[in-house]
Amino acid sequence: MTRDLFADLNEAQREAVRCVEGPLLIFAGAGTGKTRVITHRIAHLIYDIGIPAEHILAVTFTNKAAEEMRSRLAGLSEGTGDPEAAQRVFFSTFHRFCAWLLRNHGESLGVKRHFTIYDDADTTLLIKQILKSMDLDPSLYRPAVISALIDRAKNELRGPADVESSADGPVQEKGAKIFMEYERRLRENGVLDFSDLLVFSVRLLQTSESLRKHFQERFAFIHVDEYQDTNTAQYTLLRLLAEHRNLCVVGDDDQAIYSWRGADIRNILSFEKDFPNARVVTLQQNYRSSQAILDLAYRVIQNNRERADKRLMTTRTGGDAPMLYTAADGYDEASFVAMRARDLSAETPYSDMAIFYRTAAQSRRIEEEMMARGIPYVVVSGVGFYERREVKDLLAYLRILVNPADDAAFSRILNVPKRGIGDTTAAALAEAAKSAGIPQTELLSRLDQSTVSAAVRKKLVDLADLLVVLRKLAAELAIEELLRRIVSMTNYFDYLEKSDPAGFEERAANVQELYTVAQEFTRRSTDPSGALVSFLEEMSLLTDADRADSSADRISLMTLHAAKGLEFSAVFLIGMEEGTLPHASSFESEAELEEERRLCYVGMTRAKDRLFLSHAYSRKIYGESFDDIRPSRFLDEAGLEIPEQFSVIDTGRRFGSRHRPDEGPRRRVDDASANRVVRVPLDEDTAAFGVTPGDRVQHPVFGAGILLRITGRAEEATALVNFERAGRKRLKLAYAKLTRVD
DNA sequence: CCACTGCCGATTTTT
DNA sequence: TCGGCAGTGG
């Protein structure tokens with residue numbers, strides 16, 4: 001070891017790294033360097049203690065996090081005797097780890113080596129089919145609800161029978177029945193859904209003692225990132241693997257925002273009970289945000305009852321006081337964000353700014369504004385690349401080659417591109433396959449004349465022939481080449497152009513992108529024999545976030561959920577209103593409200609230097625206008641002073657709000673965007689000047705006016721005052737003699 | 001079989 | 001407001 005791993009760590013971090021044996025819980029608040037701690041700890045295990053790298057497992061929730069850790073560890077490995085060791089550490093997401101486990105050892109549970117994975121779209125479709133076959137009304141038993149119910153049950157390691165016995169109400173009762181059929185069909189198709197990856201892995205380790213022992217030895221040291229987000233299945237898996245108790249979990253209960261996905265915050269809160277004699281280290285030294293931002297966030301999160309108390313302190317200096325903008329409406333808010341972002345861009349690149357919102361739909365107005373002003377932006381997430389129709393279509397072809405029983409893939413390609421096979425034929429195929437007990441793919445050329453017309457039969461045979469040819473090509477060609485053949489043999493581009501002329505170019509580009517992805521994969525791949533299977537697995541387990549291009553200088557737009565784990569110099573948190581954040585659906589339950597609060601907290605703590613919060617009193621929701629929107633309770637909790645009502649005068653001069661002719665006459669207000677009072681809590685040094693936004697102030701030269709806002713702090717504090725006679729002026733508080741008048 | 005139209009419903013979405 | 005869908009006429 002040529003390098004002191006402890007040199008660049010603070011005391012708490014050192015303690016966490018040093019403690020290598022037995023259970024360890026690291027409470028890592030936002031921006032306290034948890035990735036640094038995990039990677040240093042792993043490096044310490046390898047290079048100082050001498051643990052073979054292949055005995056170390058590190059599990060994360062996202063591919064991105066896993067990659068980040070891997071590369072950080074690689075950085076630490078440079079210059080050591082064995083820099084390659086980092087490559088041998090098993091960094092993986094839970095799901096990828098499980099897929100790996102099942103590919104290699106799932107046979108005993110009836111999991112085929114070449115299983116394919118159903119994504120959300122596939123499972124929703126399957127549920128709809130089941131509803132139809134059971135003659136249930138989809139509006140009563142909504143597929144999304146049923147899907148959530150099933151997913152939830154699986155994450156809690158409960159089967160259809162468990163759901164049935166605890167059912168209260170018809171949805172759950174029928175849900176259990178649907179669940180049962182759902183499972184049957186997945187097994188019949190040789191496919192797993194996301195949760196199955198966890199469920200079967202748990203079952204595997206529970207049933208096979210030898211495998212359990214094997215993996216306990218193989219992974220003698222286990223690390224888990226974002227432990228607060230683990231669900232019951234994941235927790236159980238960890239318990240099975242970590243019988244040796246060398247389990248190090250890192251997390252922050254204040255950032256638990258996935259309970260609706262089955263994550264159980266109690267996993268982290270009761271770690272010490274689950275693993276007696278566990279060491280607990282709390283990281284509270286923040287390296288990311290200004291103290292003002294941390295304090296604001298703390299005031300909010302402090303209102304949660306179910307949390308371990310901790311408070312972040314920063315080393316970082318500078319930054320502006322967080323500010324609140326009270327907007328007239330959504331357009332005004334968007335306008336404010338855009339203008340402020342542009343101002344900021346003089347000193348901060350757009351790529352270091354972000355706009356967060358509670359629901360994806362909120363991005364629209366912002367996008368319009370950004371477009372109108374020519375501000376470069378990127379919506380993070382949105383419709384993922386892998387969920388694009390064209391991508392899914394082509395992947396479905398690959399899936400059906402790997403797993404002929406994959407019905408979701410089959411129904412996707414059956415009439416795509418259009419080859420004149422309709423619902424009637426599809427139903428006949430499905431029926432025949434069911435009674436014959438073989439996959440539909442195998443049956444294509446065997447449907448007899450009594451069920452389908454000669455013309456249709458010809459089409460089916462053609463498709464069958466196509467698949468035979470492709471299957472042969474699959475064994476010979478690289479994946480990219482195979483994809484190109486699929487596209488050319490099916491005239492896929494013609495189909496795309498015809499079915500969606502407007503979106504053709506973008507879709508074609510996505511297909512090209514898929515070629516590139518395939519090419520990349522082949523370049524990286526070490527095992528050509530199972531290439532197609534692992535390619536598909538990668539496609540299923542990858543998300544849009546994994547391909548985000550961070551090189552361009554664009555401001556990022558994303559939901560609060562998507563913001564976790566990121567940081568930006570400037571953050572805009574929009575739509576701070578009751579009903580939006582906290583979301584209306586959380587009003588009934590204290591637990592859900594606390595989760596909304598954590599969401600708010602996550603958003604705030606992403607900001608390094610500047611945090612802008614905004615809310616509007618009037619907003620259009622689903623095309624209907626509401627004028628009595630109440631500001632979010634979180635603003636109160638944050639200690640922000642909220643203007644009573646938006647009552648400012650507007651000259652109608654709206655920055656960038658394009659003329660909207662169908663909007664009717666707008667309330668005439670006098671120079672609204674400029675003359676709005678912006679209230680923010682002032683720190684001591686700034687408050688010492690004795691004036692605060694909203695005050696009526698007197699100046700020796702300019703006379704009386706309204707203090708609109710204060711930017712900067714202490715000696716740098718600048719007041720914007722709207723003087724009755726002299727108009728708007730910017731004045732340094734340190735020089736200008738402003739006095740409050742009542 | 002496919003294109004059009006009217007109606008319903010509308011969080012968040014690591015994998 | 002807008003997108004996804006079920007139902008209907010060509």
Side-chain angles (χ1 to χ4, degrees), chain A residues 59-66 92-99 117-121 123-124 128 132 137-139 142-145 147-148 151 154-155 192-198 225-226 228-231 233-234 255-263 330 356-362 364-365 368 380-384 386-387 415 418-426 453 455-456 459 498-499 537-546 558-566 575 579-587 592 595-596 598-600 602-603 619-625 662:
Chain A
V59 201
T60 62
F61 278 85
T62 65
N63 296 296
K64 212 171 135 193
S92 172
T93 62
F94 272 103
H95 289 83
R96 203 184 275 268
F97 175 78
C98 290
I117 300 170
Y118 267 19
D119 65 14
D120 289 343
T123 57
T124 308
K128 282 179 188 160
K132 195 170 264 176
D137 182 355
S139 63
R142 300 230 315 282
V145 172
S147 163
D151 201 52
K154 287 190 173 191
N155 286 153
L192 302 183
D193 65 16
F194 287 131
S195 310
D196 280 335
L197 294 170
L198 303 170
D225 189 22
E226 307 277 18
Q228 77 280 357
D229 288 334
T230 49
N231 60 36
Q234 287 155 339
Q255 294 185 66
I257 53 175
Y258 282 102
S259 76
W260 52 279
R261 284 293 241 146
F356 301 154
Y357 34 79
R358 176 64 237 265
T359 67
Q362 291 172 265
R364 236 186 110 128
R365 195 142 298 160
E368 288 167 358
V380 176
S381 185
V383 177
Y386 301 100
E387 276 135 58
N415 200 31
K418 299 250 182 304
R419 46 174 74 90
I421 303 173
D423 293 346
T424 331
T425 313
S453 70
V456 172
K459 292 170 185 164
K498 211 182 272 169
S499 62
E537 179 175 310
E538 172 139 334
M539 293 302 101
S540 312
L541 301 181
L542 237 43
T543 62
D544 220 36
D546 300 316
M558 68 188 84
T559 63
L560 284 163
H561 284 90
K564 194 166 77 159
L566 306 176
T580 302
L581 185 66
H583 196 270
S585 57
S586 69
F587 288 168
E592 284 178 55
E595 181 142 321
E596 296 291 307
R598 291 192 290 267
L599 213 37
C600 180
V602 165
R619 216 178 261 286
K620 255 193 207 169
I621 301 168
Y622 303 139
E624 205 186 333
S625 272
D662 50 2

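Only this structure's heavy atoms are used, side chains among them; waters, hydrogens and symmetry mates stay out. Proteins come first, then strands; the chains are lettered A, B, ... in the order of their sequence lines, and each starts at number 1.
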Margin query: Categorize A:Q234 for me: base, sugar-phosphate, or nothing, with a 4.0 angstrom heavy-atom threshold over every strand shown.
Written below: nothing
Check: Residues in side chain to side chain donor-acceptor pair (under 3.5 Å) with A:D137, at least two apart?
Finding: A:S139
Next item on the list: Not counting sequence neighbours, which residues clear salt bridge (charged side-chain N to carboxylate O under 4.0 Å, His left out) with A:R598? List them please.
Entry: A:E595
Contact list (N/O, under 3.5 angstrom) for nucleotides 1-5 of chain B vs protein:
{"residue": "B:dC1", "atom": "OP1", "partner": "A:G422", "partner atom": "N", "Å": "2.5"}
{"residue": "B:dC1", "atom": "OP1", "partner": "A:T425", "partner atom": "OG1", "Å": "3.2"}
{"residue": "B:dC1", "atom": "OP2", "partner": "A:T424", "partner atom": "OG1", "Å": "3.1"}
{"residue": "B:dC2", "atom": "OP2", "partner": "A:N415", "partner atom": "ND2", "Å": "3.3"}

Checklist line | A:H583 over B:dT11, stacked by centroid distance under 5.5 Å, angle under 30° | finding: yes
Margin query: If only side-chain N and O atoms count, and only distance matters, is there a donor-acceptor pair under 3.5 Å linking A:R261 with A:N231?
Written below: no
Notebook entry, point to check: Syn or anti for B:dT11, with syn set at within 90° of 0?
Noted result: syn
Check: For the pair made of CD1 in A:I621 and P in C:dC2, what is the distance, rounded to whole Å?
Finding: 15 Å
Checklist line | Rounded distance in Å - CG (A:N231) to P (B:dT14) | finding: 15 Å
Next item on the list: For A:W260 and B:dT13, say yes or no: do the ring centres fall under 5.5 Å of each other while the ring planes differ by less than 30°?
Entry: no
Check: Any idea which of B:dT14, B:dG9, B:dT11 is nearest the A:R142 side chain?
Finding: B:dG9
Notebook entry, point to check: Nearest heavy-atom pair of A:D229 and A:I257: which atoms, and what distance?
Noted result: OD1-N, 3.8 Å
Notebook entry, point to check: At under 4.0 Å, does any side-chain N or O of A:Y386 touch on OP1 or OP2 of B:dT13?
Noted result: no
Check: Nearest-Å distance, CD1 (A:I257) to C1' (B:dT12)?
Finding: 8 Å
Margin query: Base, sugar-phosphate or nothing for A:A584? Non-hydrogen atoms, less than 4.0 Å.
Written below: nothing
Margin query: Is the phosphate of C:dC2 approached by A:R364 (side-chain N or O, under 4.0 Å from OP1 or OP2)?
Written below: yes
Check: With A:Y118, which residues qualify under ring-ring contact (aromatic ring centres under 6.0 Å, His included), at least two apart?
Finding: none
Note to self: Rounded to whole Å, how long is the line connecting atom OH of A:Y258 with atom P of B:dT11?
What the structure shows: 16 Å
Check: In whole Å, what is the span from the CD atom of A:E624 to the C1' atom of B:dA10?
Finding: 13 Å
Next item on the list: Could you list the residues that satisfy side-chain contact (heavy atoms from CB on, under 4.5 Å) with A:T359, not counting sequence neighbours?
Entry: A:A361, A:Q362, A:H583
Check: If you find the nucleotide of DNA chain B closest to A:R261 and the one closest to A:E596, which residue's nucleotide is nearer the 5' end?
Finding: A:E596
Checklist line | A:R358 side-chain N/O to B:dA10 phosphate OP1/OP2 under 4.0 Å | finding: no
Checklist line | Whole-Å distance separating the CG atom of A:L560 from the C1' atom of B:dT13 | finding: 13 Å
Margin query: If the cut-off is 4.0 Å, is A:T559 near the phosphate of B:dT13, judged by side-chain N/O to OP1 or OP2?
Written below: yes
Check: Looking at residues at least two apart in the chain, or sitting in another chain, which of them share a side-chain contact (heavy atoms from CB on, under 4.5 Å) with A:S586?
Finding: A:P582, A:E592, A:L593, A:E596
Note to self: Can you see whether A:D151 engages A:S195 through a side-chain donor-acceptor pair at a distance of less than 3.5 angstrom?
What the structure shows: yes
Next item on the list: Give a yes/no verdict on base stacking between B:dT14 and A:F61: centres under 5.5 Å, planes within less than 30° of parallel.
Entry: yes
Notebook entry, point to check: Between A:Q362 (CD) and B:dA10 (P), how many Å, whole number?
Noted result: 17 Å
Check: What residues form a side chain to side chain donor-acceptor pair (under 3.5 Å) with A:E537, not counting sequence neighbours?
Finding: A:R103
Please list, for nucleotides 4-10 of chain C, all pairs of protein and nucleotide N/O atoms separated by less than 3.5 Å.
{"residue": "C:dC5", "atom": "OP1", "partner": "A:K128", "partner atom": "NZ", "Å": "2.9"}

Check: Roughly how many Å is it from CG in A:L198 to P in B:dT14, rounded to a whole number?
Finding: 15 Å
Check: Excluding sequence neighbours, so at least two apart, what forms side chain to side chain donor-acceptor pair (under 3.5 Å) with A:S499?
Finding: A:R389
